Amino acid sequence: MKVAVVGATGLVGSKMLQVLAERNFPVTELIPVASEKSVGKEVMYKGKPYKVVTADTAIKMKPNVAIFSAGGSTSLEWAPKFAEAGITVIDNSSAWRMDPSKKLIVPEVNAKVLTPEDKIIANPNCSTIQMVLVLSPLHEKYGINRVVVSTYQSVTGTGVKAVTQLMNERQGIEGEKAYAHQIDLNVIPQIDVFLDNGYTKEEMKMVKETVKIMGDEKVKVTATTVRIPVMGGHSESVNIEFDKDFDLTEVRNLLAATPGVIVVDDPSKAAYPMPKDAHDKDEVFVGRIRRDETQANTLNLWIVADNLRKGAATNAVQIAEYLTGKNWL
């Protein structure tokens, strides 16, 4: 099992290597890929150094699977070249997510739509992944009409430059900036660029990706996405309107029984999910589960997950695990 990791030197790429190792994915040969300027550098995997190569070289080495985390333009250029060589691509960028010919996969929710012919598989946006994992069992049971979500997203979602900006500001150091505004002691209600409708690209990703993953046009989503000065993971306040009424105990039991979801919901002990507790964990945590008392059949809850793991690296590796289990790689 030859595995290429494209963007191996980046924040998500290095997390991919960590997750592949931790989950004992059956790697017989690792092929780290990065831009020309990183070629020849070494990355460590399971205590061994591996030299970074170009995408061209990687294709000639014929990996079984290539996990991409190198940005949309790189994916648009190189994913088809890998696929044409018979290599299955799992892509973490936004490049292929809304392409009608490509599957958008959260394994616990919709892996069953995959076939051996799918050579480019899209990994959803981090904030979408954690939300649909919680929405899916609830939709199956009660039927979702509408979702109103506000996110509180970690600076790690932007990358190393944003983490450096936050830590520099905290220490009063001038330096390169990832954001147009100060992030320390502040929140920025903009993630990605603004579109003509007044929403940001990140907000519209959540709207469109949720419908595609859940396979139901009836599910209406509206989102406000916000960057906050934390590093452990993304948090979301979610308001869900159902077709049918629900019992809160049944909702908690349903979520607790969902693979990959952990319920942390005990107000008497101030127990609820927080980014620092989700950090470096693969599960999605849900709490603050309560009825919306202003509207029939409507639920409020709070969802937290590590955006670099389940929101990116872990979900991609889980897709690869599913394909391996089917002997499709």
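The structure presented is a predicted model; accordingly, all values stated were derived computationally and were not measured.
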Undergrad: Are Ile121 and Leu104 joined in one hydrophobic group, where the rule is that I, L, V, M, F, W and Y side chains link up if heavy atoms are under 4.5 Å apart?
TA: no
Undergrad: Any side-chain heavy-atom pair from Lys161 and Thr164 closer than 4.5 angstrom?
TA: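 Side chain of Lys161 against side chain of Thr164, heavy atoms only: no contact under 4.5 Å found.
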Undergrad: Just so I know, are the side chains of His279 and Met231 near enough to count as touching, which here means a heavy-atom distance under 4.5 Å?
TA: no
Undergrad: Could Lys205 and Glu202 be called an ion pair, given the rule that one side-chain N must be under 4.0 Å from one carboxylate O?
TA: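 Counted as a salt bridge, because a side-chain N and a carboxylate O are separated by less than 4.0 Å.
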Undergrad: Between Asp118 (side chain only) and Ile120 (backbone N and O only), is there a donor and an acceptor less than 3.5 Å apart?
TA: no
Undergrad: Taking all atoms of both residues into account, what is the closest heavy-atom pair of Arg252 and Ile289, and its distance?
TA: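 Residues Arg252 and Ile289, closest heavy atoms: NH2-O, 3.0 Å.
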Undergrad: Taking the side chain as every heavy atom from C-beta outward, state whether Arg227 and Tyr179 have any atom pair closer than 4.5 Å.
TA: yes
Undergrad: Of all residues at least two apart in sequence or in a different chain, which pass the salt bridge (charged side-chain N to carboxylate O under 4.0 Å, His left out) check with Glu203?
TA: none
Undergrad: Evaluate side-chain contact (heavy atoms from CB on, under 4.5 Å) for Glu169 paired with Ile183, printing each intermediate quantity in order.
TA: CA-CA 8 Å; Glu169 287 171 353; Ile183 184 63; 3.4 Å; yes
Undergrad: If you define the side chain from C-beta out and look only at heavy atoms, does anything of Ile228 sit under 4.5 Å from Gln153?
TA: no
Undergrad: To the nearest 0.5 Å, tell me how far Leu329 CG sits from Thr88 OG1.
TA: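 If I round to the nearest 0.5 Å, the distance is 5.0 Å.
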Undergrad: State plainly whether the residues Glu241 and Lys220 are in salt-bridge range, i.e. N to O under 4.0 Å.
TA: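 Between Lys220 and Glu241 there is no salt bridge, as every charged N stays at least 4.0 Å from the carboxylate O atoms.
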Undergrad: Considering only NZ, NE, NH1 and NH2 on the basic side and carboxylate oxygens on the acidic side, decide whether Lys15 and Asp280 come within less than 4.0 Å.
TA: yes
Undergrad: Indicate the atoms forming the closest heavy-atom contact of Val113 with Lys103, along with that distance.
TA: O-NZ, 2.8 Å
Undergrad: Look at atom CD of Gln295 and say whether more than 12 heavy atoms of other residues, nucleotides or ligands are closer to it than 6.0 Å.
TA: yes
Undergrad: For Val226, does its backbone N or O pair with a side-chain atom of Thr151 as donor and acceptor, under 3.5 Å?
TA: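 Yes, because the side chain of Thr151 sits within donor-acceptor range (under 3.5 Å) of the backbone of Val226.
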Undergrad: Could you go through the salt bridge (Lys or Arg N to Asp or Glu O under 4.0 Å) check for Asp282 and Arg309 one step at a time?
TA: CA-CA 6 Å; Asp282 287 329; Arg309 290 188 68 105; 2.8 Å; yes
Undergrad: Test of understanding: clusters of I, L, V, M, F, W, Y form through side-chain heavy atoms closer than 4.5 Å, transitively. Do Val149 and Leu299 belong to the same one?
TA: yes
Undergrad: Distance-only, no hydrogens or angles: does the Gln165 side chain make a donor-acceptor pair with backbone N or O of Ala178 under 3.5 Å?
TA: yes
Undergrad: Is the OH atom of Tyr272 crowded by more than 12 outside heavy atoms at less than 6.0 Å?
TA: no
Undergrad: Within a 6.0 Å radius of atom NZ on Lys119, are there more than 12 heavy atoms belonging to other residues, nucleotides or ligands?
TA: yes
Undergrad: Under 6.0 Å between the ring centres of Phe68 and Trp96?
TA: no
Undergrad: For Glu108 and Lys310, what are the C-alpha separation, side-chain angles and deciding distance, and is it a salt bridge (Lys or Arg N to Asp or Glu O under 4.0 Å)?
TA: CA-CA 11 Å; Glu108 299 92 333; Lys310 183 55 180 167; 2.9 Å; yes
Undergrad: Check whether Val147 and Val106 end up in the same hydrophobic cluster, where Ile, Leu, Val, Met, Phe, Trp and Tyr are linked by side-chain heavy atoms less than 4.5 Å apart.
TA: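 Same cluster.
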Undergrad: Let me know which of Val89, Asp91, Ile59 forms a side chain to side chain contact (heavy atoms under 4.5 Å, CB included) with Trp78.
TA: Ile59
Undergrad: Hey, could you give me the CE/CG distance between Met204 and Asn125, rounded to the nearest 0.5 Å?
TA: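 These two atoms lie 12.5 Å from each other.
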Undergrad: Heavy atoms, side chains only, cut-off 4.5 Å: are Lys281 and Asp306 in contact?
TA: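 No, every pair of side-chain atoms sits at 4.5 Å or beyond.
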Undergrad: Does the Gln171 side chain pair with the main chain of Met167, one donor and one acceptor, at a distance under 3.5 Å?
TA: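 Checked: pair present.
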Undergrad: Which atom names give the shortest non-hydrogen contact between Leu11 and Thr156, and what distance separates them?
TA: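 Closest approach of Leu11 to Thr156: CD2-O, 3.6 Å.
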Undergrad: Please check this pair: side chain of Ser154 against backbone of His234, looking for a donor-acceptor N/O pair closer than 3.5 Å.
TA: no
Undergrad: Would you check if Val134 and Ser136 make a side-chain contact, meaning some heavy-atom pair closer than 4.5 Å?
TA: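 Side-chain contact under 4.5 Å: no.
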Undergrad: To check you understand the geometry: which heavy-atom pair defines the closest contact between Phe82 and Ala66, and what is its length?
TA: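 Closest approach of Phe82 to Ala66, heavy atoms only: CD2-CB, 3.7 Å.
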Undergrad: Less than 4.0 Å between a side-chain N and a carboxylate O, is that true for Asp184 and Arg170?
TA: yes
Undergrad: Could you tell me whether a side-chain N or O of Arg97 sits under 3.5 Å from a main-chain N or O of Glu209, the two making a donor and an acceptor?
TA: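 No: the side chain of Arg97 does not pair with the backbone of Glu209.
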Undergrad: Check Asp243, Asn297, Thr298 against Asn145 for a side-chain hydrogen bond (donor to acceptor under 3.5 Å, both in side chains) and give me the one that passes.
TA: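 Result for side-chain hydrogen bond (donor to acceptor under 3.5 Å, both in side chains) with Asn145: Asp243.
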Undergrad: Between Gln182 and Lys177, is any side-chain donor less than 3.5 angstrom from a side-chain acceptor?
TA: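 No, no side-chain donor-acceptor contact under 3.5 Å.
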Undergrad: Under 3.5 Å, is there a donor-acceptor pair between the side chain of Asn315 and the main chain of Ile105?
TA: yes
Undergrad: Could you measure the distance from the NZ atom of Lys208 to the OG atom of Ser94? Nearest 0.5 Å is fine.
TA: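 Going from NZ on Lys208 over to OG on Ser94, the span is 11.5 Å.
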Undergrad: Please name the pair of heavy atoms, one in Val286 and one in Pro273, separated by the smallest distance, quoted to 0.1 Å.
TA: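 Residues Val286 and Pro273, closest heavy atoms: C-CG, 3.5 Å.
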Undergrad: Applying the 4.5 Å side-chain criterion to the ILVMFWY set and letting contacts propagate, would Leu138 and Phe246 be lumped into a single cluster?
TA: yes
Undergrad: Evaluate the side-chain proximity of Val193 to Thr200: yes if any heavy-atom separation is below 4.5 Å, no if none is.
TA: no
Undergrad: Heavy-atom count around Lys276 NZ within 6.0 Å, excluding the residue itself: above 12?
TA: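 No, the 6.0 Å shell around NZ holds no more than 12 heavy atoms from other groups.
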Undergrad: Supply the atom-to-atom distance Lys41 NZ to Ser35 OG, rounded to the nearest 0.5 angstrom.
TA: 7.5 Å
Undergrad: Just wondering, more than 12 heavy atoms not from Glu217 lying within 6.0 Å of its CD?
TA: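 Not more than 12 within 6.0 Å, no.
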Undergrad: Any side-chain to backbone donor/acceptor pair from Ser38 onto Ala34? Under 3.5 Å, distance only.
TA: no
Undergrad: Apply side chain to side chain donor-acceptor pair (under 3.5 Å) to Asn24 and Lys46, showing your working.
TA: CA-CA 10 Å; Asn24 281 314; Lys46 289 195 168 181; 3.1 Å; yes
Undergrad: Only one of Glu293, Arg291, Arg290, Arg288 clears side chain to side chain contact (heavy atoms under 4.5 Å, CB included) with Asn300; which?
TA: Arg290
Undergrad: Within a strict 4.5 Å, meaning less than it, do heavy atoms of the Met16 and Asn92 side chains meet?
TA: yes
Undergrad: Do Val12 and Val27 belong together in a cluster built from hydrophobic side chains that touch within less than 4.5 Å?
TA: yes
Undergrad: Would Thr54 and Asp56 satisfy side chain to side chain donor-acceptor pair (under 3.5 Å), going step by step from the backbone distance to the final call?
TA: CA-CA 5 Å; Thr54 64; Asp56 243 343; 5.6 Å; no
Undergrad: How long is the straight-line distance from OG1 of Thr128 back to CG of Leu133, given to the nearest 0.5 Å?
TA: 12.0 Å
Undergrad: Which heavy atom in His181 sits nearest to a heavy atom in Ile188, and how many Å separate them?
TA: O-CD1, 3.9 Å
Undergrad: Taking NZ in Lys141 as the centre, count heavy atoms belonging to other residues, nucleotides or ligands within less than 6.0 Å. Is the count above 12?
TA: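 No, NZ of Lys141 has 12 or fewer neighbouring heavy atoms, counting only those of other groups under 6.0 Å.
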Undergrad: From Gln130 CD over to Asn307 CG, what is the distance, rounded to the nearest 0.5 angstrom?
TA: 7.5 Å
Undergrad: Does any pair with a residue in residues 319-329 pass side-chain hydrogen bond (donor to acceptor under 3.5 Å, both in side chains), and if so which ones, sequence neighbours excluded?
TA: Arg23-Glu321
